[in-house]
Each structure stands twice: as structure tokens, then as C-alpha cells.
2 protein chains.
Amino acid sequence: MIKRAKGVTISQVAEAAGVARSSVSRAFTRPDMLSPETVTRIMKAAEALGYVPNHTARALSTGRHGNVGLIVPDIANPFFPPMIQAAQIEADRSDFCIFLGNTEENPKQEDKLVSRFAGQVEGLVLASSRLSDERIRAHAGQLPLVLINRDLDGIPRVLIDSGSGVREAVEHLARLGHGKIVYVSGPSTSWSNKQRRSAVRAAASSLEVQVETVPAVLPSYNSGRNAVGAILATGATAAIAFDDLTAQGVLAGLAEKHVSVPGDFSLIGCDDVLGAMTYPALTSVSNRSMEAGRVAVSLLLDMLQSRAIRDVRYVLETHLVVRNTTAAPR
Amino acid sequence: MIKRAKGVTISQVAEAAGVARSSVSRAFTRPDMLSPETVTRIMKAAEALGYVPNHTARALSTGRHGNVGLIVPDIANPFFPPMIQAAQIEADRSDFCIFLGNTEENPKQEDKLVSRFAGQVEGLVLASSRLSDERIRAHAGQLPLVLINRDLDGIPRVLIDSGSGVREAVEHLARLGHGKIVYVSGPSTSWSNKQRRSAVRAAASSLEVQVETVPAVLPSYNSGRNAVGAILATGATAAIAFDDLTAQGVLAGLAEKHVSVPGDFSLIGCDDVLGAMTYPALTSVSNRSMEAGRVAVSLLLDMLQSRAIRDVRYVLETHLVVRNTTAAPR
DNA sequence: CTGTTAGCGCATTCAT
DNA sequence: ATGAATGCGCTAACAG
């Protein structure tokens, strides 16, 4: 049986140091209000007793518990881990802890998590929320909220603009000499998909390159792989896929059909979640999920500090990252 | 400016319902102690006022705050998200919330996180801890702890036995006719790495195949890629990598050097986190991280409930998943 | 600068 | 079955 340390309290430290409890409290929160000698004396006593401030008691007294929540739809989607990591680091810088919630793409679960988190966090970041506008606004009435990839007036939000990067992708292909390309689309209900598809079309038409759309339905490896037949049937010489996972599937499908990349066919992904981890290394549109996480938390902490809600709309531009899956057509 | 709801307290509900505060408290925690009528009356009043129990106050009073912590070395490593997700679901089943910590493979950061979490969680799951045995035992003295992939006597632990799968991997290679293989190792402080390396050696020696070890330091794509030179220099015809990420890096490095897989060289990964998403599809040792997460949390919650620490050692076996990166040597 | 006094919101004796 | 009183550990006025 392992012995568990009991909690030594502020009172014991006070007694040991021969001061009042409030002085001990001050020594830890506002040392500048005390004379340096007493601070050191208190600290020494605290150290000797192994005193550790009780987070919960402090939270009850101050109403601030130094936690923020982060809720994502699917932690297993490689888009999110970098975001979570960045959020964590940013929170850490201000001595905040992150509560992580995973909704599994389920609005009900998301609603439940928000309620459960409220009361133990000072604020919340909702990433790619699947909730209705109404629910989000309702929650925003309960506690400070920051949105990622959701554009609601009056609620601070950080948006990743994949349009800019997709435009660069089309320009890149046009410059290489591709006259006909295909866009391998993602989920029809996805805001990102709409944004990307229309960006492809707009850029293509102004550059006089033809575009066809091939649906992949789900953003996944298998969808991409299954789409290869349809892609090649269009006679296009290049493709831009909804995301990297889809692109990776397309890449594998092309390899199976002995279509060499980038020799016979050029391919571009989106979100750049694979890094250079495919072979050949995938040209992709950068993803800013890391910055999004960092900025969202930073924004939230600002809100908490200033006790005010500013109507921030922080847009992160994306860019094309050229690697080895794009070249001039034969 | 959005209006934020103020916290309605137990007292207000009590007054509205015409009962004592303690009755309201009971209505929420021990309804059986009250007459059904008063319970419903209280509940109605609570509902009307929008009362929500204050988690922090309850925690201070009871010492139980319904949170458990989960600390992982690298959330971006695809090994962990499924584990985190499963842990979350399991915690959720008992109305517990998960605090997630990411150490970035840094023992100091891990130490810091543990201290920071202690005091707001009732217990902790340490996954693939990079801490020394001493530090872990020290922390175990402070709060209930469950380990994943770390084998310390007296501390409840769930171990993914990659040994069984690795053994199958070596047998598979031996059967194909490989006489010399290399093990591409992971972090030296990793329990899994030690286990895998010794499993490779044991199996190889009993099958009379030669083994050399090439270090990759970090479990990452780049480490694997950088190790390719050393791997080929050994003259081996096959490799088993510490994990899939490393293997993927090796795969890319081999492709760059125009070494065809599996024609010229066979490769096996570990953890099977990539599914069939590489090309060629990677042969790998199955991973049980999901079960590990679920079981670890379940164990922890059991400990919390029974207030006792049992010396549990839960072992999950693994197996080889044969795909397309292994074949007979030329 | 430092001690005294009240709470923070709730759970939990102890009465009744 | 219910009310009154006390305390969880700490912070925050308010004095001095």
C-alpha cells in the first residue's frame, strides 16, 4: 500500500512561519505586498512542510481556475493534433491548463461536453464546431467563447482561409502548362469544401484552364483511391484534392495504375498534414491549424483578462507548399 | 456586448422552494433522503432559476472533482489519438472529464505537467512516460496513477506487448529467407523500444538470423529517413522499425535511393497506425492503443472508487499484420 | 506592511 | 424527513 501525502494547508504554514494566513496567501500571489524577509521566511516554512496551494480552494474563492477548454470534432483527424498541441503550449505560457473534448462529429456530444466543461473552465475554444448557430450563441452567453473555422458575427473567431492557397495551387499548375485539371471534392456539407471548390473554379476560369469536379464524398484515403478511375477518365493532367488524405489515396491509386507522379500526372493536396511523408512528397496547400490553435487560445486568454469581448475575426491565409508531385505535363 | 449569466446558487433555490440550503444540496446528491414531493418542488425551483451545481465548490467540499489526467509524450504521434479518444469515452461513461497533457517527449515538461495536474485531478494516466522510475514512484505517492507501457512493480499498469507481434515479424522474415535484418530503434528511455529490441534479438537468435541495431533516436519520419544510410550499410535485406512513423521515413529514404520495396528490401513497422496508407502498404505489428486507453482509465476509476491500489499488470498481445512491404530477398 | 474578518458554494455532521 | 451549523482552503476587503 502506497502512502498518499495529505494536503498541508495555508494555516499550518502560517503557524510555522509565525504569521497570519493572509500573509501566506499573499506570499504566493502578491509577494510585492510583503516585506522581502517575511516572504522568504514564509517560503522557507512552506517548502519545509511541502505546502502546495490548493487549486480548487483558490478557484472557489477567486472564480478563476486557470483552465480553458478545447473541443474538437475528431482528435484522430491529423488536422487537429497540431492545433491541440499549439493550444496547449499557448495556454501553458500563461499557466493555464487545457481541457480537451472530443465530440466524434456528434453535435449532441458537443453540447454535452460544453455544459460539462462550463463550470470548470474559464473559457472555451470550439474548433470546427458541428453545433447550430443558435446553440453556439447560447453557449457564448454562458462563458467566453472563441471559434475556429466558424464565422459567427459577434463571437471572436479565427478562420483558416484555404482559398488563398488553392488559388496559388491553380496558378502553379497553370504556369507549369496544365490546361485541364480536376478538383477532387470533399463532403458536400463542408464549408471548407465549398470554399476550396469555388476558389479552384474562380482561379481556373481567370487563367483559362478547364476544371472538372470528381466527387470523393468522404475525405479519406479510400475515397481518393476509388476516385482515380474517374479522374483519369476526364483526360486532365493534374488534380487538386480536397485534402491530403484524399490526395494520398489518389497517389496510391495512380501508382497501382502505373501512372507516374509527377511525370504523367500532377497532384496537389490540401491541409498539408502529411508533411513530406508521402513518396513522392506531396505538394499541398499549407494548413494553419497550429497557428489557429495558438491564436484562438491567445484570444481567449485576452478576453479573460480584459473581461471584455471584442468582435475579432482573425483570418489566416494559406499558401502552396511545392514539393515533388507537380511538374509540367508531357 | 454579450450578457453572461451569473451563477445562481443553492441558497436562491432554497429560498424559492421554501426549504433549507441543505435540502437543496440533498435533492441533487441524495434524493432518497428527501420526500419525493420536496425533491420535485426543489427541482422545479432549480429548473426555473436555471440552477447548475457549482463544480468547484463541490470539489472543495468533497475533495472529489471528477477529473482524471492523461499525459502523453506526443499527441501528434498517430499512436496516441485513438488511445486518447478511448480514454475519453471510458471516462465519460463515469461522468469524469479528461485533462490532456502533452510533454513533447520532454521529461521535464512531463514532471511539470504532473505537478500542475495534481490538485485538479483525482488520478492520472501516464502513457509511455519518459520519466525515471524514481520520479514515477514519487508521483505515485502523491496521487493514484496508472501507467501505460511502463512496467513498474506495485503501480497499476497496462502493457501493450509488442513482443508477441515482433516475434511473429521476425519469424515471417526468417520464413521468407532473410538471413540478416536490422532493428531501427526508438527512444532509449522508451519501455516499448527495449521490449521490441530484445524481442527481435531473442527471436532472431533462436531462428539463426543475424541482427544489427541502427538508432533512430526519435520515433519520427525524419529519424527513419536519416537512418537509411546506416541501415543499408549493414548489408541486411530487411528491417523492423521501432514504429510506423519511423518505418515510413525509412520507406521514403529507400525510395529516394532507388531501393525497391519489397523487391530489394523488406520492411516492417510497429503500431499499425498508418493502416494501408503507404505505398506499398506497410506490413506492421498491430497496435492496441485504443484498448490500452480504455483499460487504463477503467483501472484508474476503479482505484478511485475502492480507494485501494491493487498491483494490476494488464497485458495486451499484438500480432503481425502482413501487407506489401515484405517478400523474399533476391 | 501585516493581521482580522468575511465570505466563495456546497456537503455534511448534528439536532429536531 | 428536514433545518441549523460548521468547515473545505483560500482570497479579498478592511483595518491598523
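To find a chain, count down the sequence lines: A is the first, B the second, and so on, and within it residues start at 1.
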Length of the line joining [X]:[atom1] and [N]:[atom2], which is rounded to integer Å:
X       : N      : atom1 : atom2 : answer
B:Leu60 : C:dT12 : CG    : P     : 12 Å
B:Asn54 : C:dG7  : CG    : C1'   : 14 Å
B:Gln12 : C:dC10 : CD    : C1'   : 14 Å
A:His65 : C:dG9  : NE2   : C1'   : 12 Å
B:Leu49 : C:dG9  : CG    : C1'   : 15 Å
B:Ile42 : C:dA11 : CD1   : C1'   : 14 Å
A:Arg64 : C:dC8  : CZ    : C1'   : 15 Å
B:Arg21 : C:dG9  : CZ    : P     : 11 Å

Touch class at under 4.0 angstrom, heavy-atom based, for [X] against every strand present:
X       : answer
B:Leu34 : sugar-phosphate
B:Val24 : nothing
B:Ser23 : sugar-phosphate
B:Thr9  : sugar-phosphate
A:Thr38 : sugar-phosphate
B:Thr56 : nothing

Would you please test B:Arg157 and B:Asp311 for salt bridge (Lys or Arg N to Asp or Glu O under 4.0 Å) and show each step?
-> CA-CA 8 Å; B:Arg157 53 215 184 276; B:Asp311 188 9; 2.9 Å; yes

Give the intermediate values and the outcome of salt bridge (Lys or Arg N to Asp or Glu O under 4.0 Å) for residues A:Asp92 and B:Arg116.
-> CA-CA 10 Å; A:Asp92 206 72; B:Arg116 202 107 92 65; 2.7 Å; yes

Want to settle it: does B:Met33 or B:Ala57 sit nearer the 5' end of DNA chain D, counting the closest nucleotide to each?
-> B:Met33

May I ask you to verify whether the side chain of A:Ser61 and the base of C:dG7 hold a donor-acceptor pair under 3.5 Å?
-> yes

Hey, is the main chain of B:Ser128 close enough, under 3.5 Å, to the side chain of B:Asn149 for a donor-acceptor pair?
-> no

Counted 5' to 3', the first and last nucleotides of DNA chain D within 4.0 Å (strictly under) of a heavy-atom of chain A are D:dG9 to D:dC14

Side-chain H-bond candidate by donor/acceptor type, [X] with [Y], under 3.5 Å:
X        : Y        : value
A:Ser25  : A:Ser22  : no
A:Thr56  : B:Gln120 : no
B:Glu122 : B:Asn67  : no

Residue whose closest nucleotide on DNA chain C lies nearer the 5' end, A:Asp32 versus B:Arg58 | A:Asp32

Which sits closer to the 5' end of DNA chain C, B:Tyr51 or B:Arg26, going by the nucleotide each is nearest to?
-> B:Tyr51

Can you tell me if the side-chain N/O atoms of A:Ser35 get under 4.0 Å from OP1 or OP2 in C:dT2?
-> yes

How far does NZ of B:Lys44 sit from CG of B:Leu49, to the nearest 0.5 angstrom?
-> 13.5 Å

B:Asp32 with B:Arg26: basic N within carboxylate O range, under 4.0 Å | no

